[in-house]
Amino acid sequence: MKVCVIGNGGREHAIAWRLSISPSVEKVYAVPGSAAMKNCAELVGIDWCHTDHLIRFLKDNKVDLVVVGPEAPLVAGLADALHEAGIPVFGPSKAAAQLEGSKVFAKDLMKKYNIPTAAYGVFSNVDEAKQFIAKTGAPIVVKADGLAAGKGVVVAMTVEEANAAVDDMLSGNRFGEAGSTVVIEEFMVGEEASLLAFVDGKTVVPMIASQDHKRIFDGDKGPNTGGMGTYAPAPVLTDVLRDEAMKTILEPMVAAMAKEGMPYVGCLYAGLMITNEGPKVVEFNARFGDPETQVVLPLLEGDLGQIMMACATGTLQPNMVKWKDSSAACVILASKGYPETSSKGDVILGELVQYDTSIIFHSGTKLEGDHYVTNGGRVLGVVGLGKDLRTALDRAYERVDHITFKGMQYRKDIGAKAFK
Ligand code: AMP
Ligand code: GLY
């Protein structure tokens with residue numbers, strides 16, 4: 001079949017690469033993709049916002065399946081438009097994508113269906129929000145309701161910090177409409193893990209558990225980023241805990257979405273906190289994680305094209321999804337100034353080719369002449385593969401040692417928590 005991937009980041013690079021080696025897939029298109037994806041996909045210079053244009057391209061080229069990478073097109077309703085045009089889509093409808101697009105929607109649904117998550121309140125009024133903070137005390141977490149590119153969450157260690165976040169979002173209009181309502185929630189203590197699952201509207205099949213590193217600096221210091229590195233499998237989510245998360249979180253949420261008349265199709269991402277009381281939801285995302293995808297998909301056995309088509313057509317079966325008995329680690333190389341700003345146009349030196357035991361996925365690069373330059377905050381995801389996590393990490397960092405660009409920053413402690 002012919003598959004079209006929407007997006008141009010590291011996650012989409014990993015998806016397109018994995019699809020390109022799936023037996024069921026004869027051709028991969030990427031809209032718009034990136035220069036680095038050329039070895040696994042044909043780049044199509046269409047803006048997904050121009051839905052009519054995109055649908056015409058998909059029909060003219062007899063594309064069988066569309067895989068939507070990022071959240072923005074999903075929240076904007078791209079899957080619905082493709083559905084109407086009769087094109088199978090891996091990715092949720094606009095209604096179902098609210099699970100990521102609105103934290104209030106997600107929290108209210110979790111409450112209604114008794115899915116474990118932090119206690120919370122919802123506010124649009126500054127005084128009421130501050131009263132709630134005063135009553136609850138710190139640490140406490142303030143979140144903008146809508147999409148804020150991973151920057152709409154403040155984990156406040158003091159009441160003053162929480163109040164400042166409320167001022168910033170509600171009065172200061174920091175995130176515009178996305179921050180005109182805030183969720184204020186209980187601070188949960190524990191280690192985090194990402195559990196992604198394939199979903200076809202009713203059947204939920206978990207992927208291998210991974211762990212992200214959200215802060216910019218070693219030791220989980222500094223501001224939150226989109227993710228500075230990942231590894232899989234993550235031992236913190238033992239088989240027993242994963243089964244518990246499936247029973248108490250993912251399966252009930254997918255059943256709830258169907259019951260609410262908005263069946264969920266695609267990758268459902270549960271960001272979990274492993275607390276003393278068991279796994280609780282930090283957030284849901286309506287898409288693959290970035291950079292979780294870069295470590296999860298290289299460990300997939302089975303045919304990703306077939307699995308995604310089965311999700312899109314309501315025919316997913318657990319035995320389609322199998323995992324290699326090995327490990328993967330991804331180190332993100334970020335540009336100068338990230339996450340506050342990012343640097344563009346710095347020449348990337350070093351070998352960027354793919355080996356059996358290491359792969360480089362491009363998050364934000366551009367081809368200038370015959371060399372790649374930086375083109376965003378997160379630049380490259382350097383992935384090492386091996387029989388165990390130690391080997392995978394060594395292989396990733398060994399590649400990192402041979403890559404450089406001006407202002408390059410990366411964490412040196414990816415995977416360290418797994419050895420605690
Ligand atoms: P989110 O964008 O909702 O995933 O939040 C970003 C990060 O903030 C998470 O990965 C956590 O590290 C932290 N966080 C969010 N909510 C909570 C919470 N209720 N308790 C503790 N930490 C949280
Ligand atoms: N790595 C976190 C995310 O994709 O949201």
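Note that the structure is predicted; figures quoted are calculated from it, not measured. Whatever order the structure lists them in is the order used to number ligands and atoms, beginning at 1. For the numbers below, each heavy atom of this structure counts, side chains included, while hydrogens, waters and symmetry mates do not.
Annotation for Lys94: atom NZ does not count as buried by contact number, only 12 or fewer foreign heavy atoms lying within 6.0 Å.
Listed by number with element, the atoms of ligand 1 under 4.0 Å from a non-hydrogen atom of Val155 are 8 (O), 13 (C), 14 (N). Using a 4.0 Å cut-off to heavy atoms of Gly226, the atoms of ligand 2 that qualify are 1 (N), 2 (C). Interface atoms of ligand 1 facing Met273, defined by a heavy-atom separation under 4.0 Å, are 21 (C), 22 (N). Counting the atoms of ligand 1 from 1 in the order shown, those under 4.0 Å from a heavy atom of Lys103 are 3 (O). Of all the atoms in ligand 1, the ones that sit under 4.0 Å from a non-hydrogen atom of Glu185 are 16 (N), 17 (C), 18 (C), 19 (N). Taking every heavy atom of Lys143 and a limit of under 4.0 angstrom, the matching atoms of ligand 1 come to 3 (O), 15 (C), 16 (N). Ligand-side atoms of ligand 1 in range of Val141: 16 (N), 17 (C), 18 (C), 19 (N), 20 (N), range being under 4.0 angstrom from any heavy atom. If you number the atoms of ligand 1 from 1 as listed, the ones under 4.0 Å from a heavy atom of Lys214 come out as 4 (O), 10 (O).
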Evaluate Asp220 against Lys214 for salt bridge (charged side-chain N to carboxylate O under 4.0 Å, His left out), listing each step before the verdict. CA-CA 7 Å; Asp220 293 331; Lys214 297 219 167 158; over 6 Å; no
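Under 4.0 Å from ligand 2, the heavy atoms of Arg287 that appear belong solely to its side chain. Proximity of Glu186 to ligand 1, defined as any heavy-atom pair under 4.0 Å, is confined to the backbone N, CA, C and O atoms. If you look at Asn285 next to ligand 2, the close heavy atoms, those under 4.0 Å, all belong to the side chain. Of the heavy atoms in Glu292, only side-chain atoms (C-beta onward) come closer than 4.0 Å to ligand 2.
A cation-pi arrangement is present between Arg390 and Phe419 under the rule of less than 6.0 angstrom and at most 45 degrees off the ring axis.
Look at Gly271 and you'll find every heavy atom at least 4.0 Å from all atoms of ligand 2. The shortest separation from a heavy atom of Gly289 to ligand 2 is under 4.0 Å, placing the residue in contact.
There is no side-chain donor-acceptor pair under 3.5 Å between Ser93 and Asp80. Side-chain polar atoms of Glu292 and Ser210 form no donor-acceptor pair below 3.5 angstrom. Between the side chains of Asn8 and Ser34, no donor-acceptor pair of N or O atoms lies under 3.5 Å. Counted by atom type alone, Glu351 and Tyr355 present one or more donor-acceptor pairs between their side chains at under 3.5 Å. Of the N and O atoms on the side chains of Tyr120 and Asp108, at least one donor lies less than 3.5 Å from an acceptor on the other residue.
Summarising the contacts of atom 2 (C) of ligand 2 with Thr293, Asn224, Asp212, the nearest heavy atom is found in Asp212.
Between Phe361 and His13, the two ring planes are perpendicular [angle over 60°; tilted spans 30° to 60°]. Between Phe198 and Phe288, the ring planes are perpendicular. Angles over 60° get that label, and only those under 30° would be called parallel.
Of the polar atoms of Met188, at least one N or O is found under 3.5 Å from an N or O of ligand 1, judged by distance alone. Looking at ligand 2, you won't find any N or O of Lys214 less than 3.5 Å from one of its N or O atoms.
Considering CD of Glu100 and CG of Leu147, their distance stands at 6.0 Å, rounded to 0.5 Å.
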